[in-house]
A.B. asks: 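Handing you a structure now.
For the numbers below, each heavy atom of this structure counts, side chains included, while hydrogens, waters and symmetry mates do not.
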Amino acid sequence: MKKAVGHFEKLLGLLEIERAAEKAENLRDLRRFPIQTREALGKTVTGLSVDGVEEGMAGMTLLALSRPQRDEELAPFHAISAGDNVLLTFPAGSDPASVEGTMYRVDEYRSTVALNGPPPARLGRGTCQIDLLGSDATYKRMRKALETVAQARKSRLAEMREICLGQKSPSSGSKSKFRFFNPGLNEFQREAVETALGAEDVALVHGPPGTGKTTVLIEIIRQAAAMGERVLATAPSNIAVDNMLEKLHETNLRVVRLGHPARTLEFLRHNNLAALVEQDPAFEEVREMDAWRDRLVKRGSRFGRGQLGYAEQQERDREIRRLWRAARDVEAEISRRVIGSAQVVLATHGSLTRNILKGDFDLVALDEASQATEPLSWIPLAMGQRAVFAGDSLQLPPTIYSREAAEGGLAVTLFDRLKESLPSSLQTLLRVQYRMHESIMGFSSQEFYEGRLIADESVRAHAACELPGVETDDLTSQPLTFVDTAGAGYEESWNELLESRENLGEAKLACRLAVRLLSAGIKPKDLAVLTPYVAQAKLLKTLIKEPGLEIGSVDGFQGREKEATIVSLVRSNADAEVGFLSDTRRMNVAVTRARRLLIVIGDSATISQHPFYRRFLDYVDKRGAHRSAYEWPQP
């Protein structure tokens, strides 16, 4: 017990260090960059006009904003997405002067913000500004979860704590026979389902790229629900939660998705708690209170002339606050009832709170478990009787701001810990992958998974030239190409503003290759250009303007796939330094996003000094996939 308390005290300390590092990063950006620079980085948008106010789900106030199109490299909302927390600053003379909110809909020049409170009682003349914000809410929930787990005594949570810390052996349980809902599961997937359902405490599902770990998790959830169990399904990111929701939507289960509707994909929002609450008959009372509050906000003097007097204004404001609180209280009670009747509750780890969740869950299913820090994982774990983790510790780890916190142990996830302590009978490796051509899969398989991955027959030999309307040429007919920039003079440079590496020559080459693939008939939506470096991603976005073609960082693309990808490695220097490319898990993600065609651009003279990349070059050489940048000269 003493050891466990010390472990959680240490985590609490590391959590404070991490939070301070994130705050410092946000403050540094605010102080370091002028507004023009913050706009270029996508962290601020100015000159916004209010187009209108409307009511959204569950009485949310939605403020529509727009900015006229200007002669600029990037659209104003290029780095802001639905679900982001923002501070909205109104023109001078507004009441209030600013309010926090959540981005609800985002286009290039228009957006809608869901306000975290009532609309402004008075709006001054002029334009608005949006600034991206961080949030303390998730940190507070992590701290609360760690304190709860550390203090647990003679309870199921205390047992789970001891098992997860390797202080107590888990029970293997027994495998029971049942009819699979998904008849298409392969033998390794079936084994994972049986193992997880038979485990009395915890089980791990190791899911290399493209092996269908979320599909396995969905089968586990459906089987548990069929046995009458309540299931909490969580993941660290909204997109991962929505992936589960999309698959569960096809079932007849009673499913509810927690979290702000703006953080749920639009076509799935009818499963969001806010939408389900709005459908409840009792919600009519909430509508009436919100409507009356809205009338009060807009009301002038009760005598119909001039502005409200001081006493009248104070009375009105008190009534507005009372109506807002009363409506939210009724809404919360409906929410608890809706959640209580659900068979499956879905949420991100960080959005979970006890205030509307009734009782514990029989099973907690954690997807992308290798991307969540231990404190974050304890939020859902503290609410369940047993758990199944699905993830891959050989792909990217959680994002951590503080090197001190990472080196102190925050980078070690519960998935990592359980991987070492759980017996093999409670761990399953999924081996059949359904994404990649076997040549794309091969290097990742031999380097990270002991050569154990198997390409399913449906993808084993598929090529980009087999896509409808795509021509057959020397690129589209080959699954793998390494374009070598050695000797081409494409030197990397340091972007002081973004504190990141970029390589203009390599970016222009990536642009030429993208144009070549698009000209061959590959659709923009089927192609992505990826890079490990933020500065390179921004540079690529200024060069490639094709609508629908995605450009981004490798870190932001984990869990996703495209028919074809171009990967720009950036590093090219006389000292053969590869920097954070030395975290080879990033390369594992980078080379496994493509289904039919993978093009990697890099300087062999630089990267070959690292053993991992030397083996990668040997791999492409053996497949005749090593080509030179001189084949695509700059016009």
A.B. asks: Does any pair with a residue in residues 234-244 pass side chain to side chain donor-acceptor pair (under 3.5 Å), and if so which ones, sequence neighbours excluded?
C.D. replies: Thr234-His349, Asn238-Arg257, Asp242-Arg257
A.B. asks: Nearest 0.5 Å please: distance from the OG1 atom of Thr348 over to the CG atom of Asp367.
C.D. replies: 13.0 Å
A.B. asks: Check for a donor-acceptor pair, side chain of Glu368 on one end and backbone N or O of Val241 on the other, with a separation under 3.5 Å.
C.D. replies: no
A.B. asks: Just by modelled atom types, is the Leu185 backbone N or O under 3.5 Å from a matching donor or acceptor in the Arg190 side chain?
C.D. replies: yes
A.B. asks: State the CG-OG1 distance between Leu204 and Thr195, to the nearest 0.5 angstrom.
C.D. replies: 11.0 Å
A.B. asks: Would you list the pairs meeting salt bridge (charged side-chain N to carboxylate O under 4.0 Å, His left out) in which at least one residue belongs to residues 602-615, sequence neighbours left out?
C.D. replies: Glu447-Arg615
A.B. asks: Is there a side-chain contact between Leu540 and Cys511, using heavy atoms and a 4.5 Å cut-off?
C.D. replies: no
A.B. asks: Salt bridge check: are Glu563 and Lys523 linked by an N-O gap of less than 4.0 Å?
C.D. replies: no
A.B. asks: Do Arg586 and Asp555 sit within salt-bridge range, that is, some charged N less than 4.0 Å from a carboxylate O?
C.D. replies: yes
A.B. asks: So, does Asn186 use its side chain to make a donor-acceptor pair with the main chain of Gln189 at under 3.5 Å?
C.D. replies: yes
A.B. asks: Look up atom CG in Leu418 and atom OG in Ser370, then write down how far apart they are to the nearest 0.5 Å.
C.D. replies: 12.0 Å
A.B. asks: Assess whether a salt bridge exists between Lys168 and Asp201, defined as any Lys/Arg side-chain N lying under 4.0 Å from an Asp/Glu carboxylate O.
C.D. replies: no
A.B. asks: Can you confirm if the aromatic rings of His206 and Phe188 lie within a centre distance of less than 6.0 Å?
C.D. replies: no
A.B. asks: Charged N to carboxylate O below 4.0 Å: is that the case for Arg516 and Asp474?
C.D. replies: yes
A.B. asks: Do Leu414 and Leu381 touch side chain to side chain, with heavy atoms closer than 4.5 Å?
C.D. replies: yes
A.B. asks: What pairs meet the ring-ring contact (aromatic ring centres under 6.0 Å, His included) rule with one or both residues in residues 421-454, with sequence neighbours excluded?
C.D. replies: Phe443-Phe612, Phe443-Phe616, Phe443-Tyr619, Phe448-Phe612
A.B. asks: Taking the side chain as C-beta and beyond, is there a heavy-atom pair between Arg161 and Phe8 under 4.5 Å?
C.D. replies: yes
A.B. asks: So which pairs with a foot in residues 412-429 pass salt bridge (charged side-chain N to carboxylate O under 4.0 Å, His left out), sequence neighbours left out?
C.D. replies: Glu374-Arg417
A.B. asks: Distance check, rounded to the nearest 0.5 Å: Met244 atom CE versus His249 atom NE2?
C.D. replies: 16.0 Å
A.B. asks: Taking salt bridge (Lys or Arg N to Asp or Glu O under 4.0 Å) as the test, write out the residues that go with Arg571, two or more places apart.
C.D. replies: Glu492
A.B. asks: Backbone N or O of Thr592 within a donor-acceptor pair of the Arg435 side chain at under 3.5 Å?
C.D. replies: yes
A.B. asks: Ring-plane angle category for His626 and Phe482, please: parallel below 30°, perpendicular beyond 60°, tilted otherwise.
C.D. replies: perpendicular
A.B. asks: For Glu550, which of Lys541, Lys525, Arg560 qualifies under salt bridge (Lys or Arg N to Asp or Glu O under 4.0 Å)?
C.D. replies: Arg560
A.B. asks: For Lys562, does its backbone N or O pair with a side-chain atom of Asp526 as donor and acceptor, under 3.5 Å?
C.D. replies: no
A.B. asks: Do the side chain of Glu219 and the main chain of Asn182 share a donor and acceptor less than 3.5 angstrom apart?
C.D. replies: yes
A.B. asks: When you look at CD of Glu450, are more than 12 heavy atoms from neighbouring residues, nucleotides or ligands closer to it than 6.0 Å?
C.D. replies: no
A.B. asks: Under the salt bridge (Lys or Arg N to Asp or Glu O under 4.0 Å) test, which residues partner Arg403, sequence neighbours left out?
C.D. replies: none
A.B. asks: Rounded to the nearest 0.5 Å, how far does CG of Asn573 lie from OG1 of Thr606?
C.D. replies: 4.5 Å
A.B. asks: Does Glu466, at its CD atom, have more than 12 non-hydrogen atoms belonging to other residues, nucleotides or ligands within less than 6.0 Å?
C.D. replies: yes
A.B. asks: Before you tell me yes or no, could you show the steps for Thr531 and Gln536 under side chain to side chain donor-acceptor pair (under 3.5 Å), namely the whole-Å CA-CA distance, both residues' side-chain angles and the distance that decides it to 0.1 Å?
C.D. replies: CA-CA 7 Å; Thr531 176; Gln536 185 76 344; 5.3 Å; no
A.B. asks: Between Arg19 and Glu22, does any NZ, NE, NH1 or NH2 come within less than 4.0 Å of an OD or OE carboxylate oxygen?
C.D. replies: yes
A.B. asks: Measure the spacing between CD of Glu187 and CG of Leu430 and express it to the nearest 0.5 Å.
C.D. replies: 11.5 Å
A.B. asks: Is the closest basic N to carboxylate O distance between Glu561 and Arg593 below 4.0 Å?
C.D. replies: no
A.B. asks: Stepwise, does the side chain to side chain donor-acceptor pair (under 3.5 Å) test hold for Ser628 with Asp484?
C.D. replies: CA-CA 5 Å; Ser628 171; Asp484 195 347; over 6 Å; no
A.B. asks: Please name the residue in the list Ser421, Pro170, Ser171 that meets the side chain to side chain contact (heavy atoms under 4.5 Å, CB included) test with Ile163.
C.D. replies: Pro170
A.B. asks: Less than 6.0 angstrom from the centroid, inside 45 degrees of the normal: does Arg222 satisfy that with respect to the ring of Phe181?
C.D. replies: yes
